[in-house]
**Student:** 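Have a look at this one.
Order of listing sets the numbers, starting from 1, for every ligand and every atom in it.
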Amino acid sequence: MRKITVAKGDGIGPEIMDATLEIIMAAGAKIEIEEIEVGEKVYLAGNTSGIAKESWDVIRRNKVFLKAPITTPQGGGYKSLNVTTRKFLGLYSNVRPSTSYHPFVKTKHPVMDIVMIRENEEDLYAGIEHQQTDEVVQCLKLISRPGCEKIVRYAFEYAKQYGRKKVTCFTKDNIMKQTDGLFHQVFDEIAKEYPEIENEHWIIDIGAAKMADTPEVFDVIVTLNLYGDVLSDVAAQIAGSVGLAGSANIGEECAMFEAIHGSAPRRAGQNLANPSGLLQGAIMMLNHIGETEVAEKIQNAWLKTIEDGIHTYDIFKEDTSKQKVGTKEFAKAVIANLGKKPSTLKAVSYAKGSALNLPKYKKKPAAKKELLGVDLFVHWNGTDANEIAAKIQALDSKEIKLSMITNRGIKVWPEGFKETFCTDHWRCRFKPTEGNSISKTDIIKLLSGALDKNIDCVKTENLYSFDGKPGFSLGQGQ
Ligand code: NAD
């Protein structure tokens, strides 16, 4: 018996969890359930993370967590339990399959079977944000090589295990050459290890448009956190309904499984909600713990039920559905179909479906790192770039001098355009003078000079090269 942690959540959560557990138990899942409380009640009892400390112990002990949606109270500094859980437990991979069930569930895309594999811990979701000046706030986009390698390898291993033919990478590396550039570079490196799987890269904007228009050309998609968050909902919705999609959050030690939708409070307690999204999450969980036969049996019974036209209100259509049912009746119909297979929809086979066993990330030897300059960020209320340049040039020394000023990334000095709109946030780039190099002492002197001259420096960024390759972007227009 494998012990798993279960949280019934809020809104429609308890109803869809009861239905899901009833189905998986009837199918013969060898699991024992340990229930914890998370969500609204815990938040409102004054715990801003929505989960008690003892519950973390249960989740970490059992390692596998099936979670119904929860309601995050508005305002009041409440932290998203989902984001916290993913990061605390190192659940780096978010797997979201989106399949259309034509002609039984209405969809504009009858042939669609995409698995979105979204990086789950990094990117703008690190939540490192600062206000720097009156006019400018920033959010740090952090992308790491281990993060990229783990998620890209996961995508290829997933494709291999489930017999998928192609992995597509979505990034915006034409603009974000360092962050998205690293993700794309790692994708190209790792793709070479899987010659039997086709690989391609799309710039995210046109890739997303293509996915919304012609999803049948995609198979597995791997992408960064924010893009994956947005696009996996789009994929689920255009496949038929967000109510049908489940999601797996996988880490090296622990894993969490859920529906992709929320707690739909307006539908709660009325035996209306569709339990399919959570059931899809539970099927991924059963595969993960090696109960592949039970997972396969449930998925085929579920497909047969959808095919029989037994539908909850959200997917019920007069012309394609046969019987409108509630949550409980839908679960009973799936149970009655256990052991049966769909005839029009493709029956699944999970013979090789269990948890992926990925090698642990190996640290690479450190590169040769050389300091090439420094960006000094200055809060200044004026608008004339030549005026600030004159002020900042007063900080030039024998070793370093001002080489460029940008405002929101656009070069405004030397030779800026008077049309460029400037905020109060100026990046002043210092480089070594001819024949010199720059040291950290020069940076300290620069900062101390700025202090003496009443220049409001809000931060610095060091400019490095790694093994001779510059590790920073140029100013736009430089
Ligand atoms: P929602 O997903 O709860 O609902 C969106 C729409 O889809 C509603 O019309 C709802 O009735 C319908 N719907 C969703 N799931 C359904 C189901 N299983 N069966 C039938 N209809 C279904 O999104 P929302 O209204 O934006 O959010 C409600 C609450 O859920 C918020 O507090 C939000 O923070 C939370 N939320 C939680 C999670 C999670 O726990 N993973 C995810 C998203 C939203």
**Student:** Could you check which of T312, N274, I70 puts a non-hydrogen atom nearest to atom 17 (C) of ligand 1?
**Tutor:**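 Checking each option, the heavy atom nearest atom 17 (C) of ligand 1 is found in N274.
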**Student:** Determine whether any heavy atom of G243 lies closer than 4.0 Å to an atom of ligand 1.
**Tutor:**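 The answer is no, since G243 has no heavy atom less than 4.0 Å from ligand 1.
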**Student:** With a heavy-atom distance limit of 4.0 Å, tell me whether R267 approaches ligand 1 through its side chain, its backbone, both, or neither.
**Tutor:**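 It is the side chain that gets close, since no backbone atom is under 4.0 Å.
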**Student:** Identify the two heavy atoms, one from A235 and one from M116, that lie closest to each other, and give their separation to 0.1 Å.
**Tutor:**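 Scanning both residues, the minimum pair turns out to be CB-CE, 4.5 Å.
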**Student:** Taking 4.0 Å as the limit for heavy-atom contacts, which would you say applies to P265 with ligand 1: side chain only, backbone only, both, or neither?
**Tutor:**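 For P265, only side-chain atoms sit under 4.0 Å from ligand 1.
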**Student:** Could you see which bit of L272 sits under 4.0 Å from ligand 1, with heavy atoms only: side chain, backbone, both or neither?
**Tutor:**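 Neither; nothing of L272 gets under 4.0 Å from ligand 1.
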**Student:** With the threshold set at 4.0 Å, does a side-chain nitrogen-carboxylate oxygen contact exist between D308 and K322?
**Tutor:**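 Salt bridge: no.
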**Student:** Any heavy-atom pair between the side chains of T179 and K172 that's under 4.5 Å?
**Tutor:**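 They are not in contact (no side-chain heavy atoms under 4.5 Å apart), so the answer is no.
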**Student:** Under 4.0 Å between a Lys/Arg side-chain N and an Asp/Glu carboxylate O for K165 and E198?
**Tutor:**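 Salt bridge: no.
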**Student:** Can an N or O of N82 be found at a distance shorter than 3.5 Å from an N or O of ligand 1?
**Tutor:**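 Yes.
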**Student:** Please state which protein non-hydrogen atom is closest to atom 16 (C) of ligand 1 and give its distance, to 0.1 Å?
**Tutor:**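 Sorting protein heavy atoms by distance from atom 16 (C) of ligand 1 puts I12 CD1, 4.0 Å first.
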**Student:** Between D314 and ligand 1, find which residue part has any heavy-atom pair under 4.0 Å and reply side chain, backbone, both or neither.
**Tutor:**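 The answer is the side chain of D314.
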**Student:** Identify which of A245, S263, G262, G50 has a heavy atom lying nearest to atom 29 (C) of ligand 1.
**Tutor:**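 Nearest heavy atom to atom 29 (C) of ligand 1 lies in S263.
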**Student:** Got a salt bridge between K360 and E252, using NZ or NE/NH1/NH2 to carboxylate O under 4.0 Å?
**Tutor:**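 A salt bridge is present here (some side-chain N lies under 4.0 Å from a carboxylate O).
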**Student:** Between K341 and E296, does any side-chain N to carboxylate O distance fall below 4.0 Å?
**Tutor:**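 Salt bridge: no.
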**Student:** Output yes when a protein non-hydrogen atom is found under 4.0 Å of atom 5 (C) of ligand 1, and no otherwise.
**Tutor:**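 Protein heavy atom within 4.0 Å of atom 5 (C) of ligand 1: absent.
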**Student:** Between E149 and R145, is there a salt bridge with N-O shorter than 4.0 Å?
**Tutor:**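 Yes, charged N to carboxylate O under 4.0 Å.
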**Student:** Yes or no, since that's all I need: does a protein heavy atom fall within a distance strictly under 4.0 Å of atom 2 (O) of ligand 1?
**Tutor:**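 Looking at atom 2 (O) of ligand 1, one finds that a protein heavy atom does lie closer than 4.0 Å.
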**Student:** Regarding E253 and K63, does a basic nitrogen lie under 4.0 Å from an acidic carboxylate oxygen?
**Tutor:**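 Salt bridge flag = yes for K63 with E253.
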**Student:** How far is atom 10 (C) of ligand 1 from its nearest protein heavy atom, and which residue and atom name does that atom have?
**Tutor:**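 Checked against all protein heavy atoms, atom 10 (C) of ligand 1 sits closest to A264 CB, 3.6 Å.
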**Student:** Would you find a donor on one side and an acceptor on the other, under 3.5 Å apart, between the side chain of D123 and the backbone of K141?
**Tutor:**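 No, the answer is negative, given that no donor and acceptor are paired below the 3.5 Å cut-off.
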**Student:** Is it true that a side-chain atom of N199 and a backbone atom of T168 form a donor plus acceptor pair closer than 3.5 Å?
**Tutor:**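 No, because the side chain of N199 does not come within donor-acceptor range (under 3.5 Å) of the backbone of T168.
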**Student:** Check ligand 1 against E258 and write out every atom of the ligand that is under 4.0 Å from a heavy-atom position of the residue.
**Tutor:**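 What qualifies from ligand 1 is 41 (N).
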**Student:** Is there side-chain contact between S100 and D113, with heavy atoms separated by less than 4.5 Å?
**Tutor:**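 They are not in contact (no side-chain heavy atoms under 4.5 Å apart), so the answer is no.
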**Student:** State whether any protein heavy atom lies less than 4.0 Å from atom 44 (C) of ligand 1.
**Tutor:**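 There is a protein heavy atom less than 4.0 Å from atom 44 (C) of ligand 1.
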**Student:** Can you check atom 24 (P) of ligand 1: any protein non-hydrogen atom closer than 4.0 Å?
**Tutor:**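 Given the 4.0 Å cut-off, atom 24 (P) of ligand 1 does not count as touching protein heavy atoms.
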**Student:** Hey, is K3 close enough to E34 for a salt bridge, meaning N to O under 4.0 Å?
**Tutor:**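 A salt bridge links K3 with E34.
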**Student:** With heavy-atom distances below 4.0 Å as the criterion, list the atoms of ligand 1 near K67.
**Tutor:**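 Atoms satisfying the 4.0 Å criterion: 40 (O), 41 (N).
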**Student:** Any protein heavy atom sitting closer than 4.0 Å to atom 27 (O) of ligand 1?
**Tutor:**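 Not a single protein heavy atom is under 4.0 Å away.
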**Student:** Which atoms of ligand 1 sit under 4.0 Å from any heavy atom of P69?
**Tutor:**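 Those qualifying, in numeric order: 39 (C), 40 (O).
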**Student:** Please identify which atoms of ligand 1 are closer than 4.0 Å to at least one heavy atom of T71.
**Tutor:**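 Numbered from 1, ligand 1 contributes 32 (O).
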**Student:** Taking it one step at a time, do F187 and F170 satisfy ring-ring contact (aromatic ring centres under 6.0 Å, His included)?
**Tutor:** CA-CA 10 Å; F187 177 79; F170 280 175; over 10 Å; no
**Student:** Could you identify the single nearest non-hydrogen protein atom to atom 22 (C) of ligand 1 and state the distance to 0.1 Å?
**Tutor:**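 Here the nearest protein heavy atom works out to Y313 OH, 3.9 Å.
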**Student:** One residue to check: D10. Relative to ligand 1, which of side chain, backbone, both or neither has a non-hydrogen atom less than 4.0 Å away?
**Tutor:**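 Looking at D10 and ligand 1, no heavy atom falls under 4.0 Å.
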**Student:** Heavy-atom distance from atom 8 (C) of ligand 1 to the protein below 4.0 Å?
**Tutor:**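 Neighbour list for atom 8 (C) of ligand 1 is empty of protein heavy atoms (cut-off 4.0 Å).
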